[in-house]
Amino acid sequence: MAFGQPPLPYDFNALEPHMSARTFEFHYGKHHAAYVTNLNNLVKDTELADKPLVEVIQASFKDTAKTGIFNNAAQVWNHTFFWNSMKSGGGGKPSGDLAAKIDATFGSFDKFKEDFKTAAATQFGSGWAWLVMEGDTLKVTKTPNAENPLVHGQKPLLTLDVWEHAYYLDYQNRRPDFIQTFLDELVNWDFATQNMA
Ligand code: MN
């Protein structure tokens, strides 16, 4: 069975004006879709074709013969996770256990935001910023290109795509503005809380 592209959890225009329908036409409709097509072509008639996506990611990481498979499989997973990391009317602060854990780990929610902004802004070139659980500990991390926390034994709670294609139509070169808007207007803390459970 071929890998599919899960439907967006909202309409293309749902996150406007912070992320435009035009961005989703390209980012979901072209970039994400292409990773799915490429992955299916690369695993066709191999033993990975029928494995769960996360297994494909873990089995192909650091295997020089499977670099293309890893890159496309991880990008399929990362984008689906990213769409769910945002919602209309998102942003602001988490509540409950996650809020308490953020305060305990980072000292304050503002300090968490600073750490996340720094990770997302300093990922040189293409990549991702993450909030993860490592064991029982929260961490802010960044990964290059397609790499993600699943290959480092961490549990992802939320992510931000900082590839240029994620923000160029709406923010051009202003990655810091994109990061700030993600935190203030888009981040889906309900999703992060579910992932922590
Ligand atoms: Mn992307």
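All ligand and atom numbering here is 1-based and tracks the order in the structure. Just so we're clear, the structure is a prediction, and the values are computed from it rather than from any experiment.
- Defined by atom type and a distance below 3.5 Å, a donor-acceptor pair is present between the side-chain atoms of Thr23 and Asp170.
- Not a single N/O/S atom of His32, whether from backbone or side chain, sits less than 2.8 Å from the Mn ion (ligand 1).
- Coordination check, His31 versus the Mn ion (ligand 1): failed, since every N/O/S atom of the residue sits at 2.8 Å or beyond.
- Separation of atoms OG1 (Thr141) and CG (Leu131) is listed at 8.5 Å; rounding is to 0.5 Å.
- A distance of 6.0 Å separates CZ of Phe112 from CZ of Phe106, quoted to the nearest 0.5 Å.
- Vertex the Mn ion (ligand 1), arms ending at NE2 of His79 and NE2 of His165: the angle is 130° after rounding to 10 degrees.
- Geometry note: the Mn ion (ligand 1) is the vertex, His27 NE2 and Asp161 OD2 are the arms, and the angle is 90° (rounded to 10 degrees).
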Walk me through whether Lys113 and Asp184 qualify under salt bridge (charged side-chain N to carboxylate O under 4.0 Å, His left out). CA-CA 10 Å; Lys113 284 212 302 196; Asp184 290 347; 3.5 Å; yes
